[in-house]
Every structure is written in C-alpha cells, then in structure tokens.
Amino acid sequence: MRRIPYLVLALYALVGGLGPLLIEYDPVPTSLPDRLRPPGSDVSYGTAWLGTDALGRDVLAQVVYGARTSVIIGICTVALACLIGVAVGTAAGYFRGWLDTVLARGIDILLAFPAILLTIVIAGAFERSVLLVVTALSATAWISFARVTRGIALSLRERPWVDAARVLGVPRPAILVRHILPFTIGPVVALATLEFALVVLAEAGLSFLGIGLPNSAVSWGQTIANGKQYLETAWWISALPGIALSVLIVNIGILGDQLTARYGRGHLR
Amino acid sequence: MIRVIVKRLLVGVLVMWGAASLIFLIVRVAPGDPATILLGPDADPAQIAELTTRLGLDQPKLTQYVHFLADVARFDFGESYRLGRPAMSEVLTRLPATAELMLTSTAIAVVFGVTLGLLAGARPGRMVDRVVSASTIALQSFPTFWVGIMLILVFALWLGVLPSADAGTPAHLVLPAVTLALPFTATVARLTRTSVAETMREPYIQTARSKGLTEPQVLLGHALRNSLIPVVTIVGLHMGGLMGGAVIVENVFAWPGLGSLIVDAVAGRDYEVVQAATFLIAGIVMLFNLVADLLYSRLDPRIKLDTVS
Amino acid sequence: MSDMLELVGLVVDLPGPGGAVRVVDGVSFDIPPATTVGLIGESGSGKTMTANAIIGLLPDGATTGGALCWRGDDLLRVDRRRRRRVRGREIAMIFQDPLAALNPTQTIARQVGEILRRDGLDRDEVRRRVVDLLDRAGIPEPARRLNNYPHEFSGGMRQRAMIALALAGNPALLLADEPTTALDVTVQARILRLLRTIQESEGLAMLLVSHDLRVVAHVAHQVVVMYAGRVAERGPTATVLRRPAHPYTRALVDSVPAIRTRTALAHPLPGTPATPANRPAGCAFHPRCPLARERCRTEQPAVRSVAPDHWTACHFAEEIADRV
Amino acid sequence: MSETLLKVRDLRVSFGRRPGPPWRRATTREFVAVDGVSLDVGPDETVGLVGESGSGKTTVARAVVGLVRPDSGTVTVDGHRLGPVGQRPAALQRAVQMVFQDPRSSLNPRMTVAAIVGEAWRTHPVSAPAGDRTAALHRLLDDVGLDASVARQHAGELSGGQCQRVSIARALAVKPRLLVCDEAVSALDVSVQAQILRLLVDLRASHRLSMLFISHDLGVVHQIADRIAVMRSGVLVEQGPAGEVLVAPRHEYTQALVGAALELNTES
Amino acid sequence: GCTDASTGSGSGSGSGEITVAGTYPIESLDPHGPQGGGTGTQLAARELFSRLVRPKADGTLEGDLATAWKPDATATQWTFTLREGVKFSDGKAVTGADVAASFKRLIDNKGTNAANFPGYTMTATSDSEVVLKATKPDAAVPGKLATFYVVPASVATTDAAFFQKPVGSGPFTVEKFTPSQTLTLVPNKNYYAGAPKVTRVTIRKMPELAARLTALRTGEADVVWGIPDDQLGQMQSDSKLTVETVPSTAVFTMWFNSSTPALREAAVRRALWQAVDFQTIVKQLYPQTGGLADAPVSPITLGYVAQQPVTYDPNAAKAALTAAGFDFSKKLRLQFANAEFRQFNQAVVSDLAKIGVQVDLLEKEQAVFTKDLLALNWDINFQQLSNPTFDAANTLGRLYPCAAKRNGYCNPQLDQLLSAAGSSPDQAERVKLYGQASQIIWQDAVGMFPMAVKYAYAWNKRLEGFTPDPNGLPDFSTAQVRGS
Ligand SMILES: Nc1ncnc2c1ncn2[C@@H]1O[C@H](COP(=O)(O)OP(=O)(O)OP(=O)(O)O)[C@@H](O)[C@H]1O
Ligand SMILES: Nc1ncnc2c1ncn2[C@@H]1O[C@H](COP(=O)(O)OP(=O)(O)OP(=O)(O)O)[C@@H](O)[C@H]1O
Ligand SMILES: [Mg+2]
Ligand SMILES: [Mg+2]
C-alpha cells in the first residue's frame with residue numbers, strides 16, 4: 001500500500017521520460033480530416049488510441065508529452081518557490097530582528113493580496129512562455145515555504161543544540177546550514193508535494209483563462225482547457241489528460257500525506 | 001481589547017497600503033495601456049496620445065503614484081475609464097454577489113470539511129480515515145473550471161434540476177458555490193483531520209476518557225473545539241485563495257461578482273478598478289484574519305488578544 | 001467482591017516497528033483497600049503502561065494478557081460498557097503533567113463536574129459538589145475559582161484541581177502517575193501530603209507511580225519495583241528500602257543522593273537501563289548486576305518470597321545483604 | 001592571574017517579553033528575571049546554584065555563556081570582560097562551555113558523534129589534537145565513559161545518558177576552563193544520574209575544571225558542589241560552603257527549601 | 001404579460017421576456033465615448049438610440065431618423081431630412097439641434113468613430129434638416145453614419161450619469177445596467193415605429209461557451225450567436241431551437257508586415273499565401289460558418305469585387321520562396337488575440353511548417369495585441385475584420401493607405417485609387433475603383449484573406465420575428481414571444 005504512490009510516480013517518470021522516445025509528437029502539424037475522432041479510431045498517421053483533438057492531433061501523444069511539461073513546470077515552480085521561501089524563511093526565523101519584521105509584513109501583504117490577481121497580471125501581460133508561467137506561479141507559491149520554514153527556524157533556534165553550537169563559537173552560516181536547514185527538509189518536502197499538485201492545477205487554470213502556456217507547448221492544462229468546449233461531444237480530449245492529472249495529483253497527495261505524517265507533524269502550520 | 005483591535009487595524013492600513021502599492025506597480029509595469037485598449041485596434045496614434053493625456057497617464061509614474069496615494073487617503077479611487085463610473089462604487093456593487101458566493105462555499109466547506117475531518121481524525125489509520133483522506137485528495141485534483149462545466153452539463157443540461165448560469169435565486173447559487181467549495185472542503189477536511197488526530201493524542205483526552213466518557217462524548221466534548229483552532233486560522237487565511245477560485249467560477253457560471261470584474265479590469269487595463277478591488281479585497285482579508293483571531297481567542301481562552309498579561 | 005485490585009501476571013504488548021513489544025511482562029501485585037502502593041522503576045520500565053492497563057486506556061493496538069481482578073470481575077475481559085463504568089467512578093486517575101492533562105478550553109468547574117453532570121445531577125447540585133471537591137483538594141476560595149481556566153491556575157493548584165477531578169466520581173482506587181514530577185519541591189511536598197490525607201480520610205486505595213524513590217518512601221505503604229517491564233521486587237516500603245532483596249533496588253537506593261550529608265557516589269550502577277524492546281535473556285538486569293553469574297544469563301528468576309509479604313525476582317537475593 | 005576565575009557582578013537581566021506562543025504579539029512590559037546577582041567561581045572550584053523553578057538560575061547560566069545579553073552588570077573570566085556569544089575572542093569563547101539539561105535536544109540528532117566533536121575542533125583549531133584525530137576522539141570518548149563505536153552513531157540513536165556524555169565530551173573537546181552545567185543530570189534516571197555525577201567529579205579533578213553547577217535537586221548539588229548559592233525570584237538570597245547552607249541554612253527561604261526536600265531515609 | 005418576474009429568473013414560456021446570452025461585455029452605453037466602436041456598446045446603442053441611417057441585412061442603407069439624404073455635386077456636403085414626430089423616450093421631440101449636438105459630441109469625444117469624420121461639421125438648418133460638411137469629398141458619409149447615434153442635445157461631452165439610464169429614441173430604454181454584466185431593456189413607448197412586442201430584454205454576459213449553450217438549451221437563454229461550428233450540430237438537433245447562419249461583413253484578415261525585411265517582397269507574401277490550404281482548413285473548421293474569401297472585403301460590403309482565387313500549391317510556394325532568397329531559418333511571428341481563433345491559426349502554422357516556414361504562434365492578451373498591432377510588432381497578424389458601415393471606405397480606405405501605417409505596405413497607386421473611390425459620388429464608379437484597389441491588395445498579398453465569416457445564430461422557437469444581423473448586432477425590436 002505504502003509503495004503505490006512511488007510506483008505510480010515511477011510510472012509517470014517512465015512515461016514522461018521514455019514515452020517521447022516511443023511516440024512521436026509535434027504540436028505544430030495538424031491533421032484536420034482526422035479531427036475529433038473517438039479513442040481507438042484509425043487516423044491518417046496510425047491509430048489514435050485515446051482519440052484526437054479538434055485539430056486532429058493525437059491525444060495519447062499529448063498526454064505523454066504533456067506529462068513532461070506539467071511535471072517540469074511543477075518541479076521548476078516548486079523548486080524556485082522552495083529556494084526563495086526556504087532562504088527567506090530560515091533567515092528571517094533564525095535572525096529575527098528587522099528582517100523578520102519585514103518578512104512578516106510582506107507575507108501579510110501578499111496574503112491579503114488576491115494571489116490570482118498577481119498571477120493574472122504577470123501571466124497575462126507578458127509574452128507567454130514556460131518561464132513566465134513558472135514565474136507567475138512562483139510569485140505566490142514561495143510564501144507557504146517561507147511561512148513553514150520560518151516557523152521551524154523560530155522553534156529550532158531555541159533548541160539547546162543550536163545554543164550549544166553558538167556557545168562553542170560556530171559561525172552563523174555554519175549554524176544555519178548544519179543545525180537549522182537539515183530539519184526543514186522533511187516538512188519542506190511534504191509541503192512541496194502539496195504545492196506541486198496546486199501548481200499543476202493552477203497551470204491548467206491559467207490555460208482556462210487563456211493566459212497559460214504558449215500554443216507551441218504541450219501540457220495537460222492546455223489540452224484540458226482546449227477540450228473544455230468538447231466536454232459533451234468529444235469528452236476524451238479533456239477527460240483523459242484530466243484523469244492523468246488527477247491520478248498524478250492523488251498519488252502525490254498520498255505521498256505528501258505520508259511524508260507529512262513522518263516529518264511534518266506540528267510544523268506545517 | 002479595543003486597543004488591540006485598533007492596533008491591528010492600524011497595521012491593517014499599512015498592509016493595505018502595501019497591497020495597493022504593489023498592484024499599482026504591477027499593473028503599470030504590465031505592457032498595454034488603457035488608452036490603446038479603450039480605443040481598440042481601429043484607433044490611430046494621435047487619438048491614443050490624446051486619450052492618454054486626458055487620463056493623466058502621460059505623467060511620470062512617480063507623480064501618478066503620489067496622486068494615487070493622496071486620493072486613496074481621501075478614499076477616492078478615481079473613475080473607471082472603461083465604465084465611466086467611480087471605481088470603488090463599481091467594485092462595491094459587485095461585492096455582494098461575490099460575498100454571497102464565498103460565504104456560502106465557506107459554510108459548505110466548513111460544515112462538510114469539519115464533519116469529514118472529525119470522522120477521519122477520530123481514528124487515524126482506520127477505514128474511514130483512508131476513505132476520507134483519499135477522496136479529499138481526489139476532490140482537490142480536478143481543475144475548478146472542469147468541475148464547473150461538468151456540473152453544468154450534469155445538473156443543468158442532462159438532469160435539468162438546477163439552472164446553469166446566472167444569479168438571483170438560491171437555486172442559482174448551488175452549482176457555483178459547490179464548485180468553489182469542493183477543493184476548499186477538502187482542505188478543511190484534511191486540516192481538521194490532522195488537527196483532530198493531534199488533539200486526540202493530548203493528555204487531556206486521556207483525562208476525559210478516564211472519566212468514563214464514551215468516544216463520541218470525548219470527541220465532541222473535548223477534541224472538537226480544540227481542533228478547530230488551526231482550522232479557524234486557515235479559513236481566515238484562505239479567503240485570498242478562495243478569491244482565486246471565485247475568478248474562475250464566476251467566469252464559468254456568469255456570476256456577476258468581483259472576480260469577473262477584476263479579470264475584465266485587468267484585461268482592459270482599468271487601473272482604477274483593479275486598484276480599488278485590490279484595496280477592498282485586502283481590507284476584507286485583513287478583516288477576516290482579525291475575525292479569525294477574535295474567534296481564536298474565543299475558542300482558546302489561553303489566547304488573549306491583548307497579550308499584556 | 002473485595003475492593004482489592006489484583007494484578008495477576010499482567011502482560012501488555014505494544015505494536016512496534018519490528019513487531020509487538022512486551023512492555024509489561026507478567027506483573028503481579030495487589031492493591032489492598034486503604035493502602036498506597038508505590039510503583040517505582042526507571043524510565044521505560046513499564047510503570048505508566050501498568051497504570052494505563054488498569055484504567056483501560058492503552059494506546060491503539062495494544063494487547064493484554066493475564067488478569068486484573070476488581071470487585072469480582074476481570075477488567076481485561078468485561079465488556080466495553082462495564083469497563084467505562086469502572087473508569088472515573090470506581091477507579092480514577094491523576095496524570096503527571098497537570099497542565100497538559102486539563103483541557104485548556106474548559107473551565108475548571110466544567111471539567112471537575114463533568115462526571116457529575118453525566119450522572120444527571122442538576123446544575124446547582126453539581127456546582128455545590130464541585131466547590132466541595134475543590135475545597136477538599138485544598139484550593140482556597142473554591143467558589144471564586146470555578147470559572148477559571150487551567151492556565152489561570154498555578155502548577156500546584158492545577159494538580160489540586162486534577163485531584164478534585166479524580167475524586168469527583170467517588171472512586172475506590174486512585175491511580176496517580178507521577179503526580180508531582182512537574183512541580184517544585186515545596187509544592188511537591190504539599191501535594192504529597194494532601195494525597196496522603198485524602199487517601200487516609202477516604203479510605204482509598206492508591207497506586208502511586210513514580211521514578212523518585214524519595215516520593216514513594218514518603219507516601220507508600222508498599223512498593224513494587226519494576227525493571228524492564230517486570231517486577232523486580234515488592235514488599236512493605238520500609239523493608240524494601242532498608243533491606244532490599246534485589247540488587248537493582250539496592251543500586252537505586254544507593255543512587256539517591258542525600259541532602260544533608262555528602263554521600264560517596266562511590267560505585268554507581270554501570271550500564272544503561274534495559275528497555276522492553278531489547279530485554280536481555282534470563283534476568284533482564286544481569287548485564288548491570290554485580291552479582292550476576294551464568295545462571296542469571298539463561299534463567300529468568302521467578303518472583304519468590306524472601307520474607308512474609310516481601311517478594312523478589314533474584315536468584316541470589318540472600319547474598320545482597322552480605323555485600324552491603 | 002586573579003583569585004577567581006569567573007566573576008559575575010551585579011548581573012541584571014530583564015526580558016522585554018515573556019516567552020510565548022508565536023501567535024502572541026510582543027508585549028512591552030519588562031520582566032526582571034535576574035536582579036543584581038554577584039557570584040564568584042574560583043579555579044578548580046564547583047559552585048552549586050539552587051532555587052525553585054523560575055528563580056533565574058538558567059538565566060544566570062545563559063548570561064555567563066553569553067546567550068542572553070544582560071541589562072547591566074559584568075561577567076568576567078580571568079579579568080577579561082565577556083560580551084555576548086559571537087563577540088567574544090575565540091580563546092574566551094572556548095574557555096566557558098555549557099552542558100544543557102535535556103540530553104537529547106542538546107545534540108543535533110542528524111549528526112554523528114564524530115561530527116559533533118569534529119565541529120568543536122574545527123571551530124577552535126587551537127584546541128584540536130595534533131596528529132590522529134580519530135585516536136584523539138576515541139581517547140576523549142573513553143574519558144567520558146563511552147565506547148569508541150559510539151563515534152559513528154548519530155546522536156538520535158543514543159540513550160539519554162550517552163547523549164549527556166557526548167555533550168560533556170563536546171564541551172571538553174575545546175579544553176574549557178569553566179563548565180556551566182544547567183540541570184545537567186535532572187532529566188536522567190537515578191542510576192544514570194549517579195554515573196554522570198561521578199563522571200563530572202572525576203573530570204573536574206583530571207581536567208582542572210571549574211564548574212557552575214545548577215540544579216533544583218539539593219541532594220545532587222550537595223554531592224558535587226564546594227559552595228552553594230541559593231536564588232529566589234532573581235535574587236541571590238544565600239551563599240556559603242555546601243555543608244553549611246544545606247545543614248544549617250540561615251535565610252528563611254533556604255530553610256523552607258531544605259525543609260520541603262524529602263530525604264529517602266528519614267521518616268517525616 | 002408577466003410584469004413582476006424577477007429579472008434573474010429563467011424566462012418561462014408565455015412571458016414576453018427574452019434573455020440574451022452575450023459573449024462580449026457591454027461596458028458603456030455611450031456611443032460617442034472612447035469605447036463607442038466596441039461591439040458591446042454598438043449592440044446596446046442600436047437598441048437604445050436612433051441613427052440618421054441604418055444598414056439592412058444586405059448592406060444597403062435605409063432611413064432611420066432621416067427619411068432622405070443627398071450629397072452636393074462633390075459629395076462634400078450632405079443634407080439629411082429628418083423624420084417627423086420622432087420623440088425621445090422622455091417624450092421630447094428629436095430635433096435637428098439634437099442631431100447636430102450629438103455629432104459635435106461625437107467629434108469632441110475623439111473616439112474611434114470620430115476619426116471617420118476628420119474636421120467634419122454638422123449644422124441644423126431647421127428642426128427637420130441637418131447638413132453635414134466634410135473637409136473633402138466623401139462619398140461614404142451615409143455608411144459611416146451607420147455608427148452615429150443621436151442623443152438629446154443637453155447631454156454634456158462626458159456625462160456618466162446620463163448613460164447609466166440614457167434617454168434615446170431607439171426601440172428600447174434601459175431598466176437596469178450593470179456594466180460588463182447585464183443590461184436589461186424595456187420597450188420605449190415613444191418609439192416612432194411602435195413599441196417592441198417583447199416586454200423585457202435581458203442581455204447578459206456569459207463568457208463561458210458551455211454555460212451559454214447550456215443556458216440556451218435549457219431555455220434559460222433565448223438567443224445566442226457566434227456559435228462555433230463544432231457546437232452547431234448539437235443546436236441544430238435540438239427541436240426547440242432555430243439555427244441560422246448569415247453572411248457577415250467580417251473577413252479573416254491576415255496581414256503581412258510588409259516593412260519586415262523578410263516580407264518586403266510581394267512574391268514572398270504571395271508564396272506564403274499559396275502555401276496554406278485554406279480551402280481545407282475552412283471546410284474542416286468552419287463548414288457552416290465560413291466560406292473561402294474571394295476579396296479583401298465581404299460580399300455584402302459596398303466595394304466588393306471578386307478576385308482570382310489563390311490556389312494551394314506548396315511546391316510552387318516553396319520554389320518561389322527559395323527563388324526570392326527567403327530565409328527559412330528565421331521564425332515569423334504570427335499574432336492573434338482570441339482563443340476562438342487558436343485552431344485556425346494553428347492549422348495555418350501547420351501548413352506553413354510543411355514547406356519549412358517556421359512560425360511562432362503568439363496568442364496575446366487583447367491589450368498587448370492591440371499595442372503590438374499598432375506598433376507593427378509582428379510579422380503576420382490575424383484579425384477578424386468586420387465593417388459596421390458596410391462600405392469598403394471603412395476598411396480598404398481606412399487601413400490600406402500609406403499614411404495609415406497599419407501593415408507596413410505603401411503603394412502610391414493604391415492610395416490614389418482609394419482616395420478616388422472614397423470621394424466619388426457615383427456608386428458604380430466607387431465599386432469599380434474599390435475593385436481595382438482590391439486587386440492590388442490581393443495581387444500584392446498585403447495580407448492573406450482566407451475566409452468570409454458567417455454568423456451562426458440559435459434562438460428559442462418561441463421567439464418569432466427575430467432576424468440575425470450580419471454584424472453580430474441583432475435587433476430585438478422586431479422580435480416577439482409566441483403566445484404573449
Ligand atoms: N504509545 C506507545 N507506543 C509504543 N511504545 C510505547 C508507547 N508508550 C510507551 N511505550 C514504550 O513502552 C515502554 C514502557 O513505557 P512506560 O511509559 O510504561 O514507561 P514508564 O515506566 O512509565 O517510564 P517513564 O518513567 O519514562 O514514564 C517503554 O519502552 C516505551 O518506549
Ligand atoms: N527568553 C525569555 N524571555 C522571557 N522570559 C524569560 C526568558 N527566559 C526566561 N524567562 C523568565 O525568566 C524567569 C527566570 O527563568 P529561568 O529559566 O532563569 O529560571 P530557572 O531558575 O532556570 O527555572 P527552572 O528551574 O524552571 O529552569 C522565569 O520567570 C522565566 O519565565
Ligand atoms: Mg511514565
Ligand atoms: Mg532552568
């Protein structure tokens with residue numbers, strides 16, 4: 001039971017990694033005569049096992065290639081948010097003082113600020129790219145990391161082993177790296193899984209609002225959003241990547257639960 | 001108490017100033033300007049320049065910012081270029097619809113989320129817990145717009161039991177509120193579950209049991225209230241996030257609320273409306289957090305708002 | 001139907017990462033009415049688990065064996081409802097940390113009176129009884145303190161409130177798990193005195209769990225010494241502490257520093273205490289025992305009587321006195 | 001060199017805010033935890049500091065090692081005035097070391113014992129052994145009664161007594177002059193407590209250590225201290241040779257304290 | 001009728017109310033304001049106000065406020081005779097002064113419509129006659145006036161309060177207006193052609209297509225238009241609905257930026273056009289709502305002259321590009337702004353890719369798109385260009401002269417033709433001249449003109465007398481709910 005999420009993630013990694021080698025897909029060429037074919041149809045370029053979309057492109061290939069984009073966006077966003085959040089959070093929590101005050105107020109501001117607005121403005125106003133989507137999503141995602149690590153650092157700095165290191169005369173950067181940072185890893189990883197799921201969903205939401213990835217990118221969010229007007233007539237376009245997305249998120253969520261149970265207790269708030 | 005609330009409100013003003021400045025900066029850094037978008041693709045450069053001057057957007061950004069601050073201090077958010085009306089009054093007319101939507105879905109989320117979380121957290125690791133945990137993750141894994149459209153198709157088109165879009169009657173509220181509430185319910189349920197599970201490990205729960213209480217009596221009489229404390233905070237904090245969901249839900253269900261106003265305003269580079277809306281939302285979120293804190297100190301007598309003990 | 005609690009070969013198994021761990025292993029002793037039994041032993045020796053088994057609040061997944069005879073029933077075998085009835089009303093418990101053991105969000109009166117309310121008493125009656133209970137527990141001006149919250153009490157008062165809470169169900173047996181560990185010495189002395197007064201005046205039986213020999217020496221009529229989940233020695237307090245019949249008890253007694261005299265600390269007991277999870281074969285104490293021989297490594301000593309009422313689990317108990 | 005090693009003069013520490021949960025806002029009311037404490041510790045001397053919970057013992061200790069900044073008063077070692085931690089010259093920084101109460105949390109559970117001691121040596125290369133560090137580490141562990149195999153273990157895997165021994169080893173690694181022990185044995189079982197007390201007594205002699213030994217257990221203090229100081233609500237109420245203070249206390253508070261303490265073999 | 005039904009409820013059959021589910025927000029009711037040219041405002045304006053003239057579905061003009069109009073010999077001065085007895089909704093008569101003041105207001109507001117009348121003035125010669133003076137001969141004046149609406153003379157240049165509940169002489173008046181959300185109209189009792197039969201029209205913005213169409217099928221909405229082809233089948237199979245398509249003035253227009261070095265040569269642009277199989281694309285994606293275009297303007301526009309079709313020939317295209325030294329390694333930027341055109345553009349990009357022309361498809365937010373469009377910050381631009389005036393002057397004449405700087409193309413000969421076509425008082429002459437201009441535009445491939453657009457309308461069968469409008473601005477005054 002415990003292993004299932006790992007197995008599923010491994011499967012996704014395999015499909016995302018090897019799939020593109022087996023299935024060829026390029027979002028640019030369209031095949032209009034083959035449009036909106038149900039799963040299993042024979043089309044001009046073979047069999048569309050998961051059907052075709054409104055431009056006659058293979059949905060299976062989009063699911064396989066989309067895995068990569070979605071996962072890359074998820075990972076990049078979470079990594080960026082994590083990096084910023086952990087750096088700011090631990091520093092603020094450990095050093096306290098004005099840094100902490102500024103951060104606390106800054107977080108207040110960003111929390112009071114409708115995050116979607118920031119995302120919409122950033123994503124809508126500049127030229128579309130994966131980088132932009134990552135930036136727009138990270139702009140708000142780092143806050144959770146900062147909050148969590150700040151809390152951990154605040155409590156860790158009172159631990160006797162940190163005091164012991166200070167009494168010993170260990171320099172501050174070394175204290176941060178050796179005695180504080182390692183303890184944020186568990187909760188941060190647990191939070192990262194949660195954020196990953198949110199980010200992948202948020203990318204789909206941006207695509208829905210029409211401010212997501214460029215058209216040349218293949219992502220589940222794009223495919224799902226593209227298929228939204230065919231939910232009744234050609235359900236496979238958004239349902240199948242949707243299922244792929246849900247299964248991934250459910251498994252990451254379960255994994256996150258497991259990690260939270262193991263490391264996160266009491267820290268995730 | 002009063003003093004603390006006043007202090008919190010003062011800090012709130014600071015935060016709102018920060019939020020307003022942030023949005024001022026962002027919308028103005030974004031490419032595209034109000035004059036161009038107002039006049040549309042048919043305009044010629046002279047007209048655009050003319051309108052830009054008329055809107056006062058040819059001035060240096062810093063001057064504009066100073067004017068903006070001065071206006072905000074007088075609670076004047078200017079006029080929407082697009083709608084030709086005071087921005088704040090426009091935002092305020094849209095507020096009730098969004099408030100209705102958000103409060104309903106918060107209520108749904110809290111009622112169902114807390115119930116589910118309580119059931120799951122009472123006995124972590126058991127069947128109920130597993131089912132609740134798995135299904136709440138599943139609930140969170142569908143994109144909001146997809147859920148919304150599916151609900152429309154199922155309940156409005158195929159079953160024909162509920163209206164599809166539009167607002168006005170309680171029946172109209174059901175689908176959008178449910179769509180918005182689903183992921184939030186999951187969040188609340190999961191949080192309550194963790195919190196209840198943690199509370200159930202507290203020594204005072206053992207004390208309660210040692211009095212010969214039944215498990216439900218222990219759960220409802222001793223664990224529930226203590227577990228709600230973190231839930232209250234998160235519900236307070238989640239208002240911002242709910243706003244994000246509201247933008248999409250309002251779009252799908254043609255709900256005449258603030259979310260769609262904001263999206264349109266951003267698309268139309270309607271600076272005044274975006275600023276007024278941000279300001280208002282920031283204020284509301286602050287207020288919610290204050291209420292959450294007040295509620296907090298009601299739930300937990302150890303926490304006094306005025307910690308000067 | 002005697003009011004004496006008898007533990008007969010009590011066994012408690014807890015689920016552990018590497019399979020079940022026997023944290024209480026065949027513990028037998030009894031708690032006669034109007035008697036205080038002290039249960040001592042080092043951390044992890046299974047004291048709390050023994051007390052929890054008696055009141056029936058073991059962690060999830062725990063399994064039990066042996067018997068707990070109480071008023072004609074074996075508490076390990078009665079149905080859930082009977083078990084619950086016993087809790088609070090026949091056997092009550094006082095927990096170690098009075099702040100953690102009181103619900104922070106309910107007033108003292110509500111918590112103390114809860115059991116009375118559940119019994120269907122009306123509000124005024126409950127209130128009257130609560131005031132009385134708090135008064136007996138030594139809280140000054142109890143009527144004024146009714147609506148206070150636990151955090152508004154000092155540590156000693158909290159423990160008094162806990163005692164009132166435990167007495168509310170009018171129990172015949174009181175289990176006290178380290179009731180004074182969290183308190184200051186001066187407060188501790190007062191609470192111990194109170195416990196003894198109450199025990200004597202109400203004729204209660206009491207199990208006092210502690211790792212502090214001094215506390216037990218002051219309050220208990222009899223002591224049970226546990227080591228790694230098993231009983232090492234039991235008997236009347238004075239006898240056990242003055243003439244221990246188990247090398248472990250001997251070492252414990254020697255380790256307690258005197259206050260007014262400077263003792264030598266000459267030969268502290270070597271090694272670390274055994275835990276139930278890695279309990280050595282044979283006599284669990286043998287790796288640290290100065291008397292250990294081959295037999296101790298292989299054969300688990302039975303609990304045997306060395307004097308009337310004085311029992312030990314040592315093959316060579318007779319040699320101990322010689323070595324002192 | 002002066003008569004006394006550690007000289008604490010008119011130490012006053014106040015806290016702007018009480019420690020509280022993070023959601024509490026800071027309060028401005030000042031709370032005086034230590035109010036005008038003066039205390040000397042001579043070379044090779046052990047001074048016991050006793051008092052009830054909250055009387056300010058830990059605060060004095062933390063002020064001595066520099067973890068709290070006193071409002072006024074001075075802490076001097078060998079006549080050198082000590083600032084807060086991090087602003088002390090390396091030699092003085094390592095001259096005063098501390099052993100904390102909670103054996104488990106005073107060691108970083110993710111570090112091995114070797115790494116913990118290694119960190120001490122890395123921070124103060126002067127005190128690091130010349131030549132083979134592994135051998136030196138084993139010698140040090142042996143000094144505190146630990147097996148060499150413990151070096152590879154993570155702190156999280158050790159028992160309470162072992163942890164406390166490692167803490168002591170870490171402190172000794174930098175060859176301090178003064179060891180501040182804040183309730184260093186309180187959390188341990190009696191049998192282990194006796195072991196550690198024995199160890200401290202032995203080390204004191206072999207390493208020529210001075211000690212400021214804090215405990216609320218009068219019996220424990222009596223076993224190790226030459227002199228005893230009694231604190232109550234931030235003030236030193238009585239000071240004197242150990243036997244005198246505990247057997248014939250003069251201050252009424254000390255009397256109450258000694259009176260309340262239970263002896264094992266006296267019936268009360 | 002049903003009078004007190006709340007506006008929010010779905011209209012039950014038998015009530016005289018209709019609900020219109022719109023795609024576009026109505027942000028302002030001021031037809032002279034900056035957004036006067038916007039679709040939403042135009043839609044509202046034609047229900048609320050009257051014009052001097054208005055186009056019929058076939059593009060010819062009929063009188064609205066004006067009963068007759070005639071130019072002077074040079075077409076610089078136009079005289080309009082006003083209809084007798086027309087009243088505003090507040091009961092006041094509509095006079096020449098109102099018309100002239102409205103025109104002045106339009107010019108003063110400097111909206112996009114004002115740009116059609118540079119320096120023009122209008123004077124009321126009497127209560128029933130106005131004269132419009134152009135600065136140069138302008139034959140397209142009546143067509144241009146199709147977007148000129150008359151409001152009372154008392155309305156100031158900016159008067160937000162008035163346009164919250166404006167007074168007009170159109171078929172309807174405003175009951176309630178929530179900008180960019182809903183507009184509720186009730187019949188204007190004083191409408192000169194008789195008050196409309198419907199009792200209430202609610203125009204509600206429903207941005208999500210699925211919601212819009214569901215509302216139509218469940219009867220919550222009565223009229224929807226702009227239905228994509230892929231959804232049209234479902235509507236047609238619904239027995240409760242009437243579905244119709246009408247030819248519109250809109251043409252898919254894909255300008256090349258002729259000022260980009262790569263696209264400077266007509267041969268290159270022509271070759272690119274040749275490389276795209278628009279025939280297939282249109283047939284597949286727009287089987288019912290599109291037709292291959294054969295001129296830069298739609299067939300119902302004045303000035304339409306069919307051109308030689310461009311045949312799909314990728315090989316020839318590739319050869320031509322190679323011959324012209326086209327740099328295949330450089331990417332062309334194709335910009336568009338609306339998700340509904342995504343598929344079409346992707347198909348175009350796909351065809352271009354087949355001959356090795358790489359295109360970056362840039363879907364831009366409207367604000368950015370417009371800015372970039374005017375700044376010529378693109379290589380190929382996609383737009384659906386419609387023409388509310390039904391007169392080629394508004395598209396060809398406005399967008400293709402050198403001075404317009406809209407697509408980097410400059411041809412003095414074309415300028416001359418366009419200017420002549422714009423000023424000639426003779427209609428046949430104008431059509432001929434626009435035909436010649438179209439030929440140059442077509443031959444030089446200033447842009448690709450792949451498709452003439454038809455609008456698909458679907459409405460509830462209980463609605464009678466509803467006529468689809470070629471510009472997507474339907475008129476509800478003629479509609480009637482069956483049985484009410
Ligand atoms: N919830 C639990 N799950 C698993 N093992 C447990 C649990 N609680 C206690 N144990 C283990 O059971 C054994 C006995 O624990 P118990 O709490 O009875 O000891 P104790 O004598 O009360 O010690 P202390 O003096 O520290 O309170 C210990 O080894 C402990 O690690
Ligand atoms: N960081 C701090 N912030 C605020 N108040 C503090 C802080 N540290 C200690 N105090 C307060 O100072 C007083 C003295 O504390 P201290 O820890 O020195 O007492 P102690 O004698 O060591 O008590 P214990 O025996 O409980 O350890 C206490 O009332 C405590 O609440
Ligand atoms: Mg215990
Ligand atoms: Mg202390």
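Letters go in sequence order (proteins before strands), and every chain restarts at 1. It should be emphasised that the depicted structure is a prediction, and the values quoted were computed from it without experimental measurement.
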**OP:** Applying side chain to side chain donor-acceptor pair (under 3.5 Å) between C:Asn103 and each of B:Asn226, B:Thr207, B:Thr199, report the one that passes.
**Re:** B:Asn226
**OP:** With rounding to the nearest 0.5 Å, note down the distance linking CG in C:Asp97 to OH in B:Tyr204.
**Re:** 13.0 Å
**OP:** Calculate, to the nearest 0.5 Å, the distance between atoms CZ and NZ belonging to C:Arg87 and B:Lys211 respectively.
**Re:** 13.5 Å
Subject >> CA sep, side-chain torsions, deciding dist, call: C:Arg80, B:Glu215, side-chain contact (heavy atoms from CB on, under 4.5 Å) >> reply: CA-CA 11 Å; C:Arg80 294 240 303 266; B:Glu215 273 310 285; over 6 Å; no
Subject >> Spacing of C:Arg84 atom CZ and B:Ser210 atom OG [to the nearest 0.5 Å] >> reply: 13.5 Å
Original post:
In terms of heavy-atom contacts, does CZ of C:Arg77 have more than 12 from other residues, nucleotides or ligands at under 6.0 Å?
Top reply: yes
Original post:
Should the heavy atoms of other residues, nucleotides or ligands under 6.0 Å from CZ of C:Arg136 be counted, would the total exceed 12?
Top reply: yes
Original post:
Tell me, side chain or backbone of B:Arg225 under 4.5 Å from chain C's heavy atoms, or both, or neither?
Top reply: side chain
**OP:** Enter the distance from C:Arg118:CZ to B:Thr214:OG1 here, rounded to the nearest 0.5 Å.
**Re:** 7.0 Å
Subject >> Neighbour count above 12 (heavy atom, 6.0 Å) for B:Phe112 CZ >> reply: no
Original post:
Roughly how far, to the nearest 0.5 Å, is the CD atom of B:Gln206 from the CD1 atom of C:Ile55?
Top reply: 9.0 Å
Original post:
What part of B:Leu213 is in contact with chain C, defined as an atom under 4.5 angstrom from a non-hydrogen atom: side chain, backbone, both or neither?
Top reply: both
